[in-house]
Amino acid sequence: MQLFLYLLVYPLLWVISILPFRLLYLFSDFVYVLIYYVVGYRKKTVRENLRLALPHLSDKERLAIERKSFRHMCDMFLEMIKTMTISEQEMIRRFNFTNLEVYQDLEKKNKSISLMCAHYASYEWVISMNNRVNYEGYAIYKRIANKYFDKLVRDIRSKFKAHLITTKETIPMIRENAKNGKLSLYGFASDQSPKISSVFHWQKFMGIEVPVHTGAEMLSKKYGMNVLFLRVKKVKRGYYQASFENVYENVANIPDYEITDAFLKMVEQQIHEAPEFYLWTHKRWKHRR
C-alpha cells in the first residue's frame, strides 16, 4: 500500500516541482482556499494558539494573522516540493545568507557547531547552506511513516549535501563524529513541544510557561560545540534572508538552560515582528502551567 500511494502521488509532486514560480504560487492560492475554507485544517488549533500567544491583539487582528499564516504555510509546502527540481543557482538567489562570514569564522575555531532555528519563515530551505560551508551538515527530523516518501525527502536534502537524522540517531551520530574527530554542523529546530515524559525544563514562551526542548543545549555542552542562532526573514513571496547570530562559544561553563532560554527569546522576537510567518498549526502550548 505504501508503494502504491507513492507511485500514485509522486508524478503529481514532480509536475508541481517543475512549475514556474508564478504558476506555483497561483496553485498555492488554490490550495489555500481548499485548506483554509473547505477543509479547515487545524483552524481551531491555530486560533487557540494565537489567542494564547497574542492576547493583546483584537479578534480582528488575530484573524488577519491567521489567514496570512495559512497562506504562508501553503507557499512553504509547495516551495518544499519545488526543492525536488530547483537549481542551486535559483536557490541561492531566493534564500540569501546575509552574513555567512559569522558562521565561517566559527568553523575556523575547529569546533562542531550547533545551529538553532525555529519553525519560522522558510525553515525548509535552510538546507541550502550546506552547499556553502565546509562542515558536513546534519538536520534532525521526524521520520515519515511511508518509507518511500521518507527516502524521497532524504534524497532531496542530499542534493544540498544535508544529511537527515532522526531524534534516535542524533546522539549516536554526534558521539561517533566526536570520537572520530569529525567536525560537523547540526541543525536543531527546538521551538516545538517536547514529549511531557522527557521534560527537563519549563520556561515562558510568548508569556506562557511551557516545557521546552533542551537537547541542543545539552549536546552542545557535552561535546563542546559552539552555538549559533539562525534568524530567517521573509522578504517577499518566494524570497528569504537568513542571518546568523552568535549565541555562545565555550559553552561548558554556561549555566544550565541559559542557552535554551536565550534561544526562546530570539524566537519570540521573530514572532512579534511578523507573527504570520510562524507555524501556528503545531500544538505548541498543549502543556502549560
Q) Looking at Phe21, does the NZ or CZ of Lys82 lie under 6.0 angstrom from its six-membered ring centre and within 45 degrees of the ring axis? A) yes
(Q) Determine whether Asn96 and Ile92 satisfy the following criterion, side-chain contact (heavy atoms from CB on, under 4.5 Å), listing intermediate values before the conclusion. (A) CA-CA 6 Å; Asn96 176 47; Ile92 290 173; over 6 Å; no
Q. Can a salt bridge be assigned to the pair Asp155 and Lys151 using a cut-off of 4.0 Å between side-chain N and carboxylate O?
A. yes
(Q) Which label fits Tyr6 and Phe149: parallel for a plane angle under 30°, tilted from 30 to 60°, or perpendicular past 60°? (A) perpendicular
Q.
Tell me whether the rings of His272 and His56 are parallel (<30°), tilted (30 to 60°) or perpendicular (>60°).
A. tilted
Q.
Quick test of your reading of the model: are Glu66 and Arg47 salt-bridged, counting only N-O distances below 4.0 Å?
A. yes
Q | Spatial distance of atom CG (Asn246) from atom CG (Asn226) [nearest 0.5 Å] | A | 7.0 Å
(Q) Rounded to the nearest 0.5 Å, what separates atom CD in Glu107 from atom CG in Asp105? (A) 10.0 Å
Q) Can you name the nearest heavy-atom pair linking Asn99 to Ser243, along with the distance? A) OD1-CA, 3.2 Å
Q | Nearest non-hydrogen partners of Leu185 and Leu115, listed with the distance | A | CD1-CB, 3.8 Å
Q | Stepwise ring pair (Phe, Tyr, Trp, His ring centres under 6.0 Å) check, Tyr103 with Phe97 | A | CA-CA 10 Å; Tyr103 170 84; Phe97 291 90; 9.0 Å; no
Q. Do the ring centers of Tyr36 and Tyr41 come within less than 6.0 Å of each other?
A. no
**Q.** Considering all heavy atoms, the nearest Ser114-Met225 contact
**A.** N-CB, 4.2 Å
Q | Cation over ring face, Arg94 and Trp125, 6.0 Å, 45° | A | no
Q.
Please find the pair of heavy atoms, one from Ser128 and one from Phe160, that lie closest to each other, and give the distance.
A. CA-CD2, 4.1 Å
Q.
Just by distance, no angles: are the side chains of Tyr186 and Glu136 close enough, under 3.5 Å, to form a donor-acceptor pair?
A. no
Q: May I ask you to check whether Phe188 and Phe263 place their ring centres under 6.0 Å from each other?
A: no
Q.
Testing the 3.5 Å rule here: is there a donor-acceptor pair between the side chains of Tyr278 and Asn49?
A. no
(Q) Hydrogens and angles aside, do His72 and Glu276 bring a side-chain donor and acceptor to less than 3.5 Å of each other? (A) no
Q) Any chance CG of Asn253 has more than 12 other-residue heavy atoms, nucleotides or ligands included, within less than 6.0 Å? A) no
Q. Of the non-hydrogen atoms in Val232 and Val126, which two are nearest, and what is the gap between them?
A. CG2-CG2, 4.4 Å
Q: May I ask you to decide if the ring planes of Phe277 and Tyr120 are parallel, tilted or perpendicular, using 30° and 60° as cut-offs?
A: perpendicular
Q.
Quick check: closest heavy atoms across Gln2 and Ala145, and the distance to 0.1 Å?
A. NE2-O, 3.2 Å
**Q.** Ser220 side chain to Ala216 backbone, donor-acceptor under 3.5 Å
**A.** yes
(Q) Strictly below 4.0 Å, N to O, side chains only: are Asp29 and Arg237 in salt-bridge contact? (A) yes
Q: Establish, from distance only, whether the side-chain atoms of Tyr141 and Arg154 form a donor-acceptor pair under 3.5 Å.
A: yes
(Q) Starting from Phe244, can I reach Val133 by hopping between I/L/V/M/F/W/Y residues whose side chains sit under 4.5 Å apart? (A) yes
Q) Does NZ or CZ of Lys236 lie under 6.0 Å from the centre of the six-membered ring of Tyr239, at an angle within 45° of the ring axis? A) yes
Q. Rounded to the nearest 0.5 Å, what separation is found between the CZ atom of Phe229 and the OH atom of Tyr248?
A. 13.5 Å
Q) Does Ser112 use its side chain to pair, donor to acceptor, with the backbone of Ser184 at less than 3.5 Å? A) yes
Q) Atom CZ in Arg175, atom OG1 in Thr170: separation rounded to 0.5 Å? A) 11.5 Å
Q: Run the ring-centre check on Phe70 versus Tyr32 and record whether the distance is less than 6.0 Å.
A: no
Q) What is the distance from atom CD1 of Ile140 to atom NE2 of His163, rounded to the nearest 0.5 Å? A) 13.5 Å
Q.
Is there a continuous path of hydrophobic side-chain contacts, each under 4.5 Å between heavy atoms, that joins Val251 to Ile171?
A. no
Q: Walk me through it: do Arg93 and Glu90 pass the test salt bridge (Lys or Arg N to Asp or Glu O under 4.0 Å)?
A: CA-CA 5 Å; Arg93 193 169 71 87; Glu90 184 70 14; 2.9 Å; yes
Q.
To the closest 0.5 Å, what do you measure between CG (Asn131) and NZ (Lys161)?
A. 5.0 Å
Q: Could you tell me whether Lys204 and Asp261 make a salt bridge, using a distance below 4.0 angstrom between a side-chain N and a carboxylate O?
A: no
(Q) So if I apply the side chain to side chain donor-acceptor pair (under 3.5 Å) rule between Arg231 and each of Gln241, Gln269, Gln270, which one comes out positive? (A) Gln269
Q. Between Arg62 and Asp59, is there a salt bridge with N-O shorter than 4.0 Å?
A. yes
Q: Could you check whether the rings of Tyr257 and His201 sit parallel, tilted or perpendicular, using 30° and 60° as the cut-offs?
A: parallel
Q) For atom NZ of Lys43, is the number of surrounding heavy atoms from other residues, nucleotides or ligands below 6.0 Å larger than 12? A) yes
Q. So does Glu48 pair up with Arg51, basic N to acidic O under 4.0 Å?
A. yes
Q: Applying side-chain hydrogen bond (donor to acceptor under 3.5 Å, both in side chains), run through Glu61 and Ser58 and close with a yes or a no.
A: CA-CA 5 Å; Glu61 288 171 321; Ser58 67; 3.3 Å; yes
